[in-house]
Structures are given as C-alpha cells and as structure tokens.
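Structure first, then comments.
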Amino acid sequence: MNVLAQTENTLKEQIGAAVLQAELATKEEIPAIILEKPKDKAHGDFATNIAMQLARIAKKAPRQIAEDIVANLDEAKASVEKVEIAGPGFINFFMKNDFLTDIIPTILKAENDYGKTDVGKGEKVQVEFVSVNPTGNLHLGHARGAAFGDVLCNVLATAGYEVEREYYINDAGNQIDNLALSVNARYLQALGQDAEMPEDGYHGEDITEIGKALAKEHGDKWANKDEAERIAFFKEYGLQYELGKIEADLKDFRVEFDNWFSERSLYKNEEITDVLDKLKAANYVYEQDGATWFRSTDFDDDKDRVLVKNDGAYTYLTPDIAYHQNKLDRGFNKLINVWGADHHGYIPRMKAAIQALGYEAEKLEVKIIQMVNLFEKGEKLRMSKRTGNAVSLRELMDEVGVDAVRYFFVARSNDSQLDFDLELARSQSNDNPVFYVQYAHARICTMLKQAESKGIDVNQTFDQNLLTAEKELDLLKKLGEFPQMIAEAAEKQTPHKVTQYVFDLASLLHSFYNAEKVLDMDNPELTSARIALMKAVRITLANGLNIIGVKAPEKM
RNA sequence: GUCCCAGUAGCUCAGCUGGAUAGAGCAACAGCCUUCUAAGCUGUGGGUCGCAGGUUCGAAUCCUGCCUGGGACGCCA
C-alpha cells in the first residue's frame with residue numbers, strides 16, 4: 001500500500017550494504033540512515049547525509065566516504081538512475097523513472113482507504129477533549145480544542161491506532177451547584193420576582209433562557225416549593241439543557257464522542273474513595289491544617305495539593321485522579337488529554353497522580369491548545385462566558401460555515417496562538433484557503449464529468465509511464481507521500497500537517513491544470529493516463545479533507 | 001519571583017529528534033481566460049530566523065542567559 005516507503009526502505013538497505021562493503025563502519029556502529037526529500041530538484045529525489053555522520057567513525061573526510069559508498073552501491077537493486085555527491089558530502093539519488101509507477105494503481109484500488117497504515121499497530125489510545133463544564137455555551141476556544149481533538153483522532157485512526165473519543169462531564173461539584181442557583185435566580189426573575197444572581201453565577205443568556213423556559217413550562221409552581229427541592233430539580237434541568245445544547249453544537253460541528261463520562265459515576269461507584277485509599281496505602285497522602293494532601297512534590301510538582309478540603313469537600317483534583325484511574329483500568333496504552341492553555345499549570349500534578357497510581361508519567365500526554373484571539377475590524381474582542389458577549393461556536397458556524405471554521409482551527413500548530421479574523425472568515429473570498437482546496441477537488445470532478453460526456457471511459461486501462469511532464473511527476477511524488485505524512489502527523493500529534501499537505505496537493509493540481517490539458521481527444525492514451533492521475537488526486541484530496549472534517553464538494 | 005507557549009518577509013504562519021541558496025498564503029507590483037471552472041495560473045520584489053554567548057564539520061533548529069508578548073501559579077473549576 002505504501003509504495004514510496006518501500007522504495008525508500010530498499011534504498012536505505014542498499015546504502016547500508018554499501019557502507020559495510022566499503023568497510024566504513026561495522027554493523028553496530030552504523031547510524032540510522034536518514035533519507036530526506038530535497039527541496040531543490042537539482043538535489044535528486046532523495047538525499048542522505050550518512051557520509052557526514054560517518055566522518056567520525058570512519059575517520060575520513062565526508063566526501064571521500066561518500067565516494068566509497070557510491071562505489072559500492074548496487075544501483076540496479078536500489079532502482080537508482082544516477083548518484084551525485086554534493087556540498088559537504090551529501091549523496092543525492094536520482095531514481096529511475098518507474099519508481100512512481102505503482103502509485104496510481106495503489107490509490108485507485110485503495111480508494112477511501114488510501115493513507116491508512118498500521119504504524120499504530122492497533123494500540124489503544126484514548127483522547128479526552130472539549131470536556132467543557134455544562135454551564136454555558138461552547139465558544140471559540142472550545143471550538144479550537146474540539147477541532148484539534150477530533151482531527152487528531154482521525155489522524156491516529158488512519159495511522160492504525162484504535163482510538164476512543166471521550167468527553168468528561170463535570171456534573172458534580174461547585175460549578176453545577178452554581179448553575180442550579182443561577183437557574184433559580186433567572187426562573188424567579190422570569191416570574192417577575194426580585195431575585196439576585198449568586199456571586200459566582202453564570203450570566204450567560206442561555207441561563208436566562210432556561211429560566212424563561214421553566215417559567216413558561218411550569219408557571220410559578222416551583223416558586224412556592226421548598227427551596228432545596230426546587231434547586232435540586234433545577235440542577236438536573238439545567239444540566240440536561242446545557243449538555244443537550246453542547247452535544248447538538250458539537251454534532252453540527254461534526255464532532256461526535258464514543259463516550260460521555262459522568263463525574264458523578266465516580267462518586268456513585270465509590271471510585272473516589274477507592275483511589276484515595278490507594279494513594280494512602282502507597283503513602284502519598286498526609287493530613288495537615290484539617291485538610292488531606294497529596295504529596296505531588298514526590299514527582300516534580302512544585303507544591304503539594306489538597307485532596308480533601310477542611311470543609312470535607314473534594315477539590316477538583318480528587319475526582320479527576322479517580323477518573324484517570326478509571327481510564328487506565330480500561331486498558332488504554334496511552335491517554336491524551338486536550339486542554340486549554342489556561343490549564344497548563346495542572347499538568348505536573350496530574351502526571352504526579354498518574355505516577356503515584358503506579359504508572360509511567362508518559363502514559364498521559366497533555367496537548368495544550370493556545371488561546372484564540374478574535375478580531376473584528378482590526379479590533380480585538382474579549383471572550384468571556386460571564387459577559388454573555390462571547391462569540392459562540394454556534395454563531396461562528398452560522399456565520400462562517402463549518403468547513404472554514406474547522407479548516408482554520410487545524411491549519412496551525414496547537415501551541416501557537418491563533419488570530420481569528422471574523423470579517424475575513426465571514427467574507428467568502430479567495431483569501432480563504434479552504435475554498436482553494438475544495439476548488440481543486442471540484443475541478444477534478446468537473447473534468448471527470450466532462451470526460452464522460454465526451455464518451456471517454458474513465459475506467460479504462462492506462463499506461464502510467466506516459467506521465468513524464470514535470471508537473472505530473474510532482475503530483476505523483478506528492479501522492480506517494482500521503483501515507484507517510486499521516487503516519488508522521490500521528491506520531492508527532494500534529495494534525496495541522498494534514499491541512500498543509502492538502503493545501504500543497506491542491507496547489508500542485510491547480511498548477512498542473514493550467515499547464516496541461518487532461519482531455520485531449522487527439523491523444524487518447526495520454527488522456528487515459530491523465531484521467532487516472534486525476535482520479536488518484538481526487539481520492540487523496542477527499543481522504544485528506546475527510547480527515548480534517550471538511551467537505552469535498554463535487555462542484556462549486 | 002517560579003513555570004508553560006510564542007517571537008521567522010509589511011501581515012498571518014509553516015519549518016524546529018541539527019544539514020545544501022530559510023518557505024507558503026495574504027498584501028504590493030507585472031503578466032495569463034476563442035481552450036477541461038480565473039474561487040485558478042505564471043513571474044518580480046521583500047529576511048540581523050527577538051538579542052548575546054556556547055556546543056560542532058555545520059544552528060531558525062540543541063544548551064545557557066537576557067528582552068518582548070500571552071498564559072498559569074487557590075483548601076476555584
């Protein structure tokens with residue numbers, strides 16, 4: 001399936017054999033041979049710096065080493081057409097024309113599966129993301145985390161990992177009590193009563209809506225009931241309302257979870273007390289000032305953390321430790337948490353907890369999503385759940401469209417802050433790279449339809465060796481890189497590489513399109529080959545777009 | 001004060017497990033539609049890779065210090 005990788009592996013093996021034959025190093029000494037794809041075509045299809053790396057071991061000048069390697073290289077076995085030594089000792093390989101031959105048939109055969117590899121070896125990975133408290137709307141920052149987490153999952157799954165998406169619902173604790181009190185106030189206000197919002201209440205419009213909805217549905221029925229009973233009811237009502245909205249927003253954003261995990265279940269199943277017992281038994285817990293502490297400083301945290309406050313309540317950390325124990329018990333090889341930048345300080349204590357529970361710190365990996373700054377007409381807008389003025393994911397989707405929002409959010413590295421220009425994203429101009437990529441896909445679809453209307457069989461056999469134009473070879477090479485690119489994005493957890501790739505491929509397609517004519521009735525053989533190439537590009541673009549969750553339209 | 005992220009072209013950002021002349025989009029400028037979608041293509045200009053040291057054959061990339069911007073440092077979540 002991964003044609004290019006096979007070519008590379010063969011070449012690497014032959015280089016290694018040449019090094020041994022030239023007696024430059026022993027099998028044990030030889031470093032990993034790295035092949036890079038030179039930016040400059042004059043430097044060949046592949047290049048290696050092995051001669052420089054061997055300089056110390058072989059005690060020879062790099063260029064001399066390079067010559068020794070080349071002299072001992074079996075060029076036929078390695079499918080090499082020409083070798084050059086350049087610069088300080090690079091060896092540049094120019095491959096035989098046919099090294100790209102199998103790419104199109106491979107893609108056409110694999111179709112939607114093109115890009116899949118087994119580098120993940122079925123390893124079980126769990127990704128927990130979004131996990132927003134059900135106390136208000138999803139806003140811009142959450143949306144970035146949602147897009148990142150979702151695309152990361154897609155990338156991992158494509159690279160052969162077994163991925164589970166999970167949302168942790170904070171349905172216990174202070175913030176939910178606050179939600180209930182806020183709903184209570186808004187309900188009473190909706191009835192025209194003079195009620196004050198709690199000090200730490202949630203001032204979003206959604207809470208006002210809940211209050212109104214309750215007033216409409218139940219009238220003043222609850223106003224006369226016992227306050228505790230009323231608030232208990234409002235708590236459930238508010239929770240379900242908020243969760244329902246979050247789930248619906250995410251679904252429209254094309255993000256769906258395998259599992260919604262309730263914090264309350266940890267209380268119900270006594271998992272919190274269990275994990276406390278476990279930490280106590282391992283001697284990582286002590287009592288001081290009426291509180292129970294976790295000695296996280298045993299594991300590189302800068303201070304110890306309270307588990308049980310002196311009022312007897314748990315801190316946020318305690319159920320969270322139980323939650324992670326629960327995850328680990330479910331047999332995942334790796335846990336990935338996607339957090340907002342404002343939570344980064346939480347990493348050391350969570351990693352400490354993982355270790356205190358008896359696991360390697362590396363079991364848990366935390367991806368930090370930097371802030372999104374929203375701009376409107378050159379002016380920075382504040383985002384705050386409290387003000388109620390935040391631009392919500394819903395508004396954003398309505399104004400800009402899901403495709404553009406997702407594309408923008410995964411176009412950049414997660415640890416760079418993101419400037420989101422509302423006006424720019426809203427204007428459906430050609431500044432918008434998502435259109436550029438989609439247009440490439442639509443263009444190919446149009447060509448294929450044209451071909452059919454001209455009576456050309458788009459499924460006929462073809463000779464790929466007719467594809468010799470520079471832009472055709474560029475496309476073929478790029479197509480061949482797709483599976484490796486996904487594998488690398490998975491390994492480095494950098495989903496933005498997919499966005500970049502898809503953009504680059506679209507660019508090559510547009511360039512080819514303007515340089516060569518695909519449907520040439522005077523040259524049916526070449527036309528068949530080019531149609532096959534177009535189909536391969538279309539499949540790869542569609543697969544790439546699918547991974548980032550953006551539609552691949554057939555016409556625009 | 002401590003910790004995390006960022007600092008690369010006018011703007012927004014890639015590149016960072018060390019490699020050849022540092023890339024892309026936008027903006028600027030000059031061209032390309034009787035021909036498969038001009039939401040496109042081709043070309044030009046544009047850089048002390050924050051600063052200073054260090055490591056080595058070689059540093060945007062690794063190490064140290066400093067500067068600037070953002071964030072975090074609760075018995076909040």
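Letters go in sequence order (proteins before strands), and every chain restarts at 1.
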Is any side-chain N or O of A:K309 closer than 4.0 Å to OP1 or OP2 of B:rA77?
-> yes

Give RNA chain B the dot-bracket treatment, 5' to 3': Watson-Crick (N1-N3 with N6-O4 or O6-N4) or G-U (N1-O2, O6-N3) under 3.5 Å, [ ] crossing, | other strand.
-> ((((((((.[[[[.)...(...]]]].(((((.......))))).....[[[[[..)....]]]]])))))))....

Out of curiosity, A:S262 OG to A:D171 CG, how far, rounded to the nearest 0.5 Å?
-> 3.5 Å

Residues at least two apart in sequence or cross-chain that pass side chain to side chain donor-acceptor pair (under 3.5 Å) with A:Y314, listed by chain then number, are none

Look for any protein N or O under 3.5 Å of an N or O in nucleotides 3-9 of chain B and output each such pair with its distance, or none.
residue : atom : partner : partner atom : Å
B:rC5   : O2'  : A:D415  : O            : 2.4

Pairwise P distance for B:rA14 and B:rG50, with rounding to whole Å = 14 Å

Assign A:A515 to base, sugar-phosphate, or nothing according to its heavy-atom contacts below 4.0 angstrom with the strands shown.
-> nothing

Indicate yes or no: does A:K477 engage A:D45 in a salt bridge with an N to O separation below 4.0 Å.
-> yes

Please list residues of residues 169-184 of chain A whose heavy atoms come under 4.0 Å from any atom in RNA chain B, ordered by number; otherwise none.
-> A:N174, A:Q175

Looking at residues at least two apart in the chain, or sitting in another chain, which of them share a side-chain contact (heavy atoms from CB on, under 4.5 Å) with A:D419?
-> A:N373, A:F375

Give one of base, sugar-phosphate or nothing for A:K303, where a contact means two heavy atoms less than 4.0 Å apart.
-> sugar-phosphate

Would you say B:rC41 has OP1 or OP2 under 4.0 Å from some side-chain N or O of A:K471?
-> no

Answer yes or no: side-chain N or O of A:N92 and base N or O of B:rA20 forming a donor-acceptor pair under 3.5 Å.
-> yes

Those residues at least two apart in sequence (or on a different chain) that pass side chain to side chain donor-acceptor pair (under 3.5 Å) with A:Y286 are A:D304

Distance only, no hydrogens: is a donor on one side chain within 3.5 Å (strictly under) of an acceptor on the other, for A:K235 and A:N178?
-> no

Residues in residues 443-451 of chain A with a heavy atom under 4.0 Å of RNA chain B, by number, are A:R443, A:T446, A:M447, A:Q450

Who passes side-chain contact (heavy atoms from CB on, under 4.5 Å) against A:A490, sequence neighbours left out?
-> A:V155, A:L156, A:A159, A:Y161

Could you measure between the two P atoms, the one in B:rA60 and the one in B:rU48, and give it in whole Å?
-> 14 Å

Is A:K82 close enough and on-axis enough to A:F94, meaning under 6.0 Å and within 45°, for cation-pi?
-> yes

Would you be so kind as to tabulate the donor-acceptor pairs closer than 3.5 Å made by side chains of residues 403-416 of chain A, with sequence neighbours excluded?
residue : atom : partner : partner atom : Å
A:D403  : OD1  : A:R254  : NH1          : 2.6
A:D403  : OD1  : A:R254  : NH2          : 3.3
A:D403  : OD1  : A:K551  : N            : 3.0
A:D403  : OD2  : A:Q438  : NE2          : 3.0
A:R406  : NE   : A:I548  : O            : 3.1
A:R406  : NE   : A:G549  : O            : 3.4
A:R406  : NH1  : A:D150  : OD2          : 3.2
A:R406  : NH1  : A:F253  : O            : 2.8
A:R406  : NH1  : A:R254  : O            : 3.2
A:R406  : NH2  : A:D150  : OD2          : 2.6
A:R406  : NH2  : A:I548  : O            : 3.4
A:S413  : OG   : A:D415  : N            : 3.3
A:S413  : OG   : A:D415  : OD1          : 2.6
A:N414  : ND2  : A:I368  : O            : 2.8

Flag side-chain contact, heavy atom, 4.5 Å: A:P134 against A:L179 | no

Only pairs at least two apart or in different chains count here, so list each salt bridge (charged side-chain N to carboxylate O under 4.0 Å, His left out) that has a residue in residues 507-518 of chain A.
-> A:E516-A:R530

Look at A:S413 and B:rC13 and indicate whether a side-chain polar atom (N or O) is within less than 4.0 Å of OP1 or OP2.
-> no

C1' atoms of B:rG74 and B:rC16, separation to the nearest Å = 36 Å

Of the residues in residues 41-53 of chain A, which ones touch RNA chain B at a heavy-atom distance under 4.0 Å?
-> A:H43, A:A47, A:N49, A:M52

Does A:Q500 have any side-chain contact (heavy atoms from CB on, under 4.5 Å) partners at least two apart in sequence or in another chain, and if so, which?
-> A:H496

